[in-house]
There are 2 protein chains.
Amino acid sequence: MPDASVKKPSRIQQRNRHTILEAALEVFSRHGYRGATLDQIASEAGLSKPNILYYFDGKADIHVTLLSQLMQTWLDPLVELNPDGDPVEEILAYVQRKLDMAQDFPRESRLFAGEILQGAPRMRPELEAHLKPLFNSKCALIRTWIAQDRLPPLDPRHLIFSIWASTQHYADFESQVSLLMDDSTNTFEGASKHLQAMFRSMLTR
Amino acid sequence: MPDASVKKPSRIQQRNRHTILEAALEVFSRHGYRGATLDQIASEAGLSKPNILYYFDGKADIHVTLLSQLMQTWLDPLVELNPDGDPVEEILAYVQRKLDMAQDFPRESRLFAGEILQGAPRMRPELEAHLKPLFNSKCALIRTWIAQDRLPPLDPRHLIFSIWASTQHYADFESQVSLLMDDSTNTFEGASKHLQAMFRSMLTR
DNA sequence: ACGAATTTTTACCATTTGGTAAAGCTACGA
DNA sequence: TCGTAGCTTTACCAAATGGTAAAAATTCGT
């Protein structure tokens, strides 16, 4: 017997929930949780405010739903770190994947950044449940690589922090970066070269 | 004849404006601009809301004043980059100063991060006027070091971004860092070792 | 085509919040 | 000590905002 408390969503439900989440991503990522209003989200989605509240239990529900859905996508590049590959190339590929995400999904990056910046008030359980175990398992993997002398001795935790920080910077601080970068040069191309060189030099001794 | 539009502030003025800014730093850095309320700031400062508005022209005025005052402190470590020193040691010392600031002034770091994250709506003129010229001048300095073969060829802009990102990360994403770091190890000590090693390896080729 | 279920709109509401007017209090120079 | 300028409080207000009730419209299975 199927779960009676969950009915399969109609086509309209699917479409509208998706529209709302897309609009909310736009608005939340630009103005933060408190700075975003339901009216803005409704207007961006082309729906009325009460209609939005027909699909979600409230502002916080929309925010949490967004964050939860994004968590998967966000952790994927780290999941792909392959124990059977070459350590240096694996980590450099991870750096590149993270930089690509900053380029392709800046709104998602800023949404996360805003939430973490305020102390992760709505996302902490999600972080404990998904980020923390993955982080620890990949740290362990890097430690085995170090033990096998395939990487120089370093603290995997700070290595990962450096990767996160230096790649996401291009999305999260985009307004500053674009202010300081010459418009004539491709920011992400230069960033890729720089970061690849930086991490390669550190990982190859 | 002294400027008639500016009277010297009384002792009470000085004390209360300082108290308000300190309270505002606490509240703005925790909740962001929109998330902070005048009531919170007033309560934190131990003053009434109308009394706060006696000293400042409004919420935005407090925020802008804070940001402007902080700009100086924030840029100091970069100003200290000495053209006459050894390039590698100068840059590594800069990395350490930035990391020390993340440790000693996390609220200031988060205040800036929040403002930049939202596109610097209130700070852009300040950034244009102070950050941009300093950034460009220090980039030029690094380029001369490279031209003298005292540093490997690299893009100074991305180098500086990497330094900013990887050091401020420990303040701005503190909630995530503390979630993932073992409590038994000193985060900033480990970060310092890691970042010094990383940038040294890159700068010494 | 018809009735039931789903979706959308209209008309509200209570709270929060940035801000103000004006009266009252305090410090301080003459 | 007295008057004035500077400081603080009380009592408000208008707008914004998250949210709701219920009627109206639409969709969909039969």
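This one's a predicted model, so the numbers in the text were calculated from it and none came from an experiment. Within every chain, numbering begins at 1; the chains are lettered A, B, ... in the order of the sequence lines, protein sequences first and strands thereafter.
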Trainee: Pick the nucleotide of DNA chain C nearest each of Tyr55(A) and Gly35(B); which residue has the one closer to the 5' end?
Mentor: Tyr55(A)
Trainee: Pick base, sugar-phosphate or nothing for Phe56(B), based on heavy-atom distances below 4.0 Å to the nucleic acid.
Mentor: nothing
Trainee: Atom CG of Leu47(B) and atom P of dT9(D): how far apart are they, to the nearest Å?
Mentor: 7 Å
Trainee: To the nearest angstrom, how far is Ile62(A) atom CD1 from dG18(D) atom C1'?
Mentor: 11 Å
Trainee: Counting any heavy atom closer than 4.0 Å, what does Ala42(B) reach on the DNA or RNA strands: base, sugar-phosphate only, or nothing?
Mentor: nothing
Trainee: More than 12 heavy atoms of other residues, nucleotides or ligands under 6.0 Å from CG of Asp182(A): is that the case?
Mentor: yes
Trainee: Measure from the side chain of Pro50(B), starting at C-beta and using heavy atoms only, and say which of dT7(C), dA11(D), dC7(D) lies closest.
Mentor: dA11(D)
Trainee: Identify whether the distance between the nearest side-chain nitrogen and carboxylate oxygen of Arg124(B) and Glu115(B) falls below 4.0 Å.
Mentor: no
Trainee: Heavy atoms only, 4.0 Å cut-off, all strands: where does Ala36(B) land among base, sugar-phosphate and nothing?
Mentor: sugar-phosphate
Trainee: Using a heavy-atom cut-off of 4.0 Å across all strands, would you classify Ser48(A) as base, sugar-phosphate, or nothing?
Mentor: base
Trainee: Can you check the Arg15(A) CZ to dT8(C) C1' distance for me, whole Å?
Mentor: 12 Å
Trainee: I need the CG-P distance between Leu38(B) and dC12(D), as an integer number of Å.
Mentor: 21 Å
Trainee: When you get a sec, tell me which of dA21(D), dT8(D), dT8(C) is the closest nucleotide to the side chain of Asn51(B)?
Mentor: dT8(D)
Trainee: Rounding to an integer number of Å, can you tell me how far Gln40(A) CD sits from dA16(D) C1'?
Mentor: 11 Å
Trainee: Could you state the CG-C1' distance from Asp39(B) to dT15(C), rounded to the nearest angstrom?
Mentor: 12 Å
Trainee: Select one nucleotide: of dG6(D), dT20(D), dT20(C), the one nearest the side-chain heavy atoms of Leu53(A).
Mentor: dT20(D)
Trainee: Between Lys49(B) and Asp39(B), does at least one N-O distance fall below 4.0 Å, as a salt bridge requires?
Mentor: yes
Trainee: Taking only side-chain N and O atoms of Asn16(A), does any of them lie within less than 4.0 angstrom of OP1 or OP2 on dT8(C)?
Mentor: yes
Trainee: In this structure, how many angstroms lie between the C1' atom of dA22(D) and the OH atom of Tyr54(A), rounded?
Mentor: 14 Å
Trainee: Record whether the side chain of Lys59(B) comes under 3.5 Å of the base of dG19(C) through a donor-acceptor pair of N or O atoms.
Mentor: no
Trainee: Quick one: is dC7(D) close enough that its OP1 or OP2 comes under 4.0 Å of any side-chain N or O from Gln13(B)?
Mentor: yes
Trainee: Whole Å only: how far is the CZ atom of Arg34(B) from the C1' atom of dG18(C)?
Mentor: 11 Å
Trainee: Can we call the ring centroids of His194(B) and Phe199(B) under 6.0 Å apart?
Mentor: no
Trainee: Kindly say whether the aromatic ring centers of Phe173(B) and Phe112(A) come within a distance under 6.0 Å.
Mentor: no
